[in-house]
**Student:** 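Mind looking over this structure? Questions follow.
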Amino acid sequence: MKIPVKISLIHAIIGLLTFVIFLQTGWYMKTNEIGNLPDAQRMIYRAGHIYFLFSGLLNLSIGMQLQLSEIAWKKKVQYLGSIILLLSPIILLHGFYQEANLGQLDRSMTKLGIFSSLTGTGLHAAVFLTEFLKKR
């Protein structure tokens with residue numbers, strides 16, 4: 001399976017783009033006077049803001065370090081992890097704008113975005129560990 005654009009480059013671009021959008025979400029919170037909201041709702045905005053940054057930094061770090069396995073099944077696991085991880089900033093951004101203003105603690109999109117970050121990173125980590133332990 002030949003892919004014309006390196007998946008690591010896509011991760012790096014998404015990570016950098018997420019950082020730029022993170023700055024915009026900070027500006028959004030400042031200009032919309034989120035600081036004047038009740039404590040619980042303000043913390044929901046801040047948490048969503050940080051979760052979004054977190055997903056971008058995960059993508060950036062994967063993009064800077066990813067080395068695809070030579071073994072076909074491991075490479076497929078890495079691609080699956082990449083797809084899931086690349087979706088996490090989109091899901092978390094949706095949660096930031098759509099769920100935070102509701103002020104509810106149960107935020108299904110944010111939860112999905114966090115678990116996407118965990119799953120995508122976990123799949124990459126599993127392949128890395130099998131490669132690492134094989135070399136020992």
Side-chain angles (χ1 to χ4, degrees):
M1 178 165 69
K2 189 101 171 155
I3 296 183
V5 177
K6 292 179 73 174
I7 195 78
S8 59
L9 179 61
I10 296 170
H11 276 291
I13 290 169
I14 293 296
L16 291 171
L17 184 61
T18 299
F19 180 73
V20 170
I21 297 171
F22 167 78
L23 296 175
Q24 187 274 328
T25 58
W27 175 82
Y28 172 84
M29 291 191 317
K30 186 173 179 89
T31 58
N32 286 295
E33 299 183 10
I34 301 300
N36 295 335
L37 292 174
D39 288 344
Q41 193 171 6
R42 187 176 74 247
M43 296 311 292
I44 289 171
Y45 269 103
R46 286 186 179 174
H49 184 61
I50 295 301
Y51 295 150
F52 182 67
L53 174 64
F54 162 76
S55 70
L57 293 176
L58 284 174
N59 272 293
L60 185 59
S61 63
I62 291 286
M64 294 171 57
Q65 299 293 323
L66 180 61
Q67 294 180 357
L68 291 173
S69 177
E70 300 283 326
I71 301 167
W73 73 267
K74 289 181 182 181
K75 189 183 287 189
K76 289 178 184 176
V77 169
Q78 287 176 304
Y79 280 126
L80 177 61
S82 288
I83 291 166
I84 294 169
L85 188 57
L86 288 166
L87 289 173
S88 67
I90 298 164
I91 297 167
L92 288 166
L93 187 62
H94 174 77
F96 177 82
Y97 283 111
Q98 298 300 316
E99 294 178 332
N101 63 352
L102 300 176
Q104 298 173 351
L105 293 178
D106 185 29
R107 299 177 294 155
S108 58
M109 290 304 287
T110 300
K111 192 183 303 181
L112 178 62
I114 292 168
F115 284 123
S116 296
S117 295
L118 174 65
T119 303
T121 304
L123 289 171
H124 278 286
V127 170
F128 174 80
L129 287 174
T130 61
E131 294 282 324
F132 180 76
L133 293 174
K134 181 181 163 186
K135 293 178 184 176
R136 294 256 171 215

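The basis for the numbers below is simple: all heavy atoms, side chains too, and nothing from hydrogens, waters or symmetry mates.
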**Student:** Look at the side chain of S55 and the backbone N and O of F52, then say whether any donor-acceptor pair between them is shorter than 3.5 Å.
**Tutor:** yes
**Student:** Got L123 and V127 here, is their nearest side-chain heavy-atom distance under 4.5 Å?
**Tutor:** no
**Student:** Check whether F22 and I34 end up in the same hydrophobic cluster, where Ile, Leu, Val, Met, Phe, Trp and Tyr are linked by side-chain heavy atoms less than 4.5 Å apart.
**Tutor:** yes
**Student:** Is the backbone of Q67 close enough, under 3.5 Å, to the side chain of Q78 for a donor and an acceptor to pair up by distance?
**Tutor:**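 Answer holds: yes.
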**Student:** Starting at CD of Q41, measure out to CG of N36 and round the result to the nearest 0.5 Å.
**Tutor:** 11.5 Å
**Student:** Show every side chain to side chain donor-acceptor pair (under 3.5 Å) that has at least one partner inside residues 121-134, sequence neighbours left out.
**Tutor:** S69-E131, K74-T130, K74-E131, S82-H124
**Student:** Tell me if the CD atom of Q24 is crowded by more than 12 foreign heavy atoms within 6.0 Å.
**Tutor:** yes
**Student:** Looking at every non-hydrogen atom in both residues, tell me the closest pair between P89 and I14 and how far apart they are.
**Tutor:** CG-CG2, 4.0 Å
**Student:** Applying the 4.5 Å side-chain criterion to the ILVMFWY set and letting contacts propagate, would I21 and L86 be lumped into a single cluster?
**Tutor:** no
**Student:** CZ of R46 to CD1 of I44: how many Å apart, nearest 0.5 Å?
**Tutor:** 12.5 Å
**Student:** Starting at CE of M109, measure out to CD of Q98 and round the result to the nearest 0.5 Å.
**Tutor:**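 Between atom CE of M109 and atom CD of Q98 there are 9.5 Å.
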**Student:** Are V77 and L68 connected into the same hydrophobic cluster when the rule is that any two of I, L, V, M, F, W, Y join if their side-chain heavy atoms are below 4.5 Å apart?
**Tutor:** no
**Student:** Compare all side-chain heavy atoms of L92 with those of I114 and state whether any distance is below 4.5 angstrom.
**Tutor:** yes
**Student:** Could you check if a side-chain atom of L16 sits within less than 4.5 angstrom of a side-chain atom of L60, using non-hydrogen atoms only?
**Tutor:** yes
**Student:** Looking at every non-hydrogen atom in both residues, tell me the closest pair between I91 and S116 and how far apart they are.
**Tutor:** CD1-OG, 3.8 Å
**Student:** Are the side chains of Y45 and T25 in touch, meaning some heavy atoms are under 4.5 Å apart?
**Tutor:**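 The answer is no; the side chains never approach within 4.5 Å.
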**Student:** Rounded to the nearest 0.5 Å, what separation is found between the CD1 atom of I62 and the CG atom of L57?
**Tutor:** 12.0 Å
**Student:** Supply the atom-to-atom distance T119 OG1 to L112 CG, rounded to the nearest 0.5 angstrom.
**Tutor:** 9.0 Å
**Student:** What residues, two or more places apart in sequence or in another chain, satisfy ring pair (Phe, Tyr, Trp, His ring centres under 6.0 Å) together with Y97?
**Tutor:**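 Expected list: Y28.
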**Student:** Examine F19 and F54 and state if one hydrophobic cluster contains both, with Ile, Leu, Val, Met, Phe, Trp and Tyr joined whenever side-chain heavy atoms are less than 4.5 Å apart.
**Tutor:** no
**Student:** Determine which pairs satisfy side chain to side chain donor-acceptor pair (under 3.5 Å) with at least one residue from residues 86-95, sequence neighbours left out, and list them in order.
**Tutor:**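 Residue pairs passing side chain to side chain donor-acceptor pair (under 3.5 Å), neighbours aside: S88-S117.
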**Student:** Side chains of I7 and L66: does their closest heavy-atom pair fall under 4.5 Å?
**Tutor:** yes
**Student:** Measure the spacing between CG of L58 and OG1 of T18 and express it to the nearest 0.5 Å.
**Tutor:** 10.0 Å
**Student:** For A47 versus R107, what's the shortest heavy-atom pair and its separation?
**Tutor:** CB-NH2, 4.2 Å
**Student:** So, E99 side chain and T110 main chain: donor-acceptor pair closer than 3.5 Å or not?
**Tutor:** yes
**Student:** Does one hydrophobic cluster hold both I83 and F115, with members joined at side-chain heavy-atom distances below 4.5 Å?
**Tutor:** no
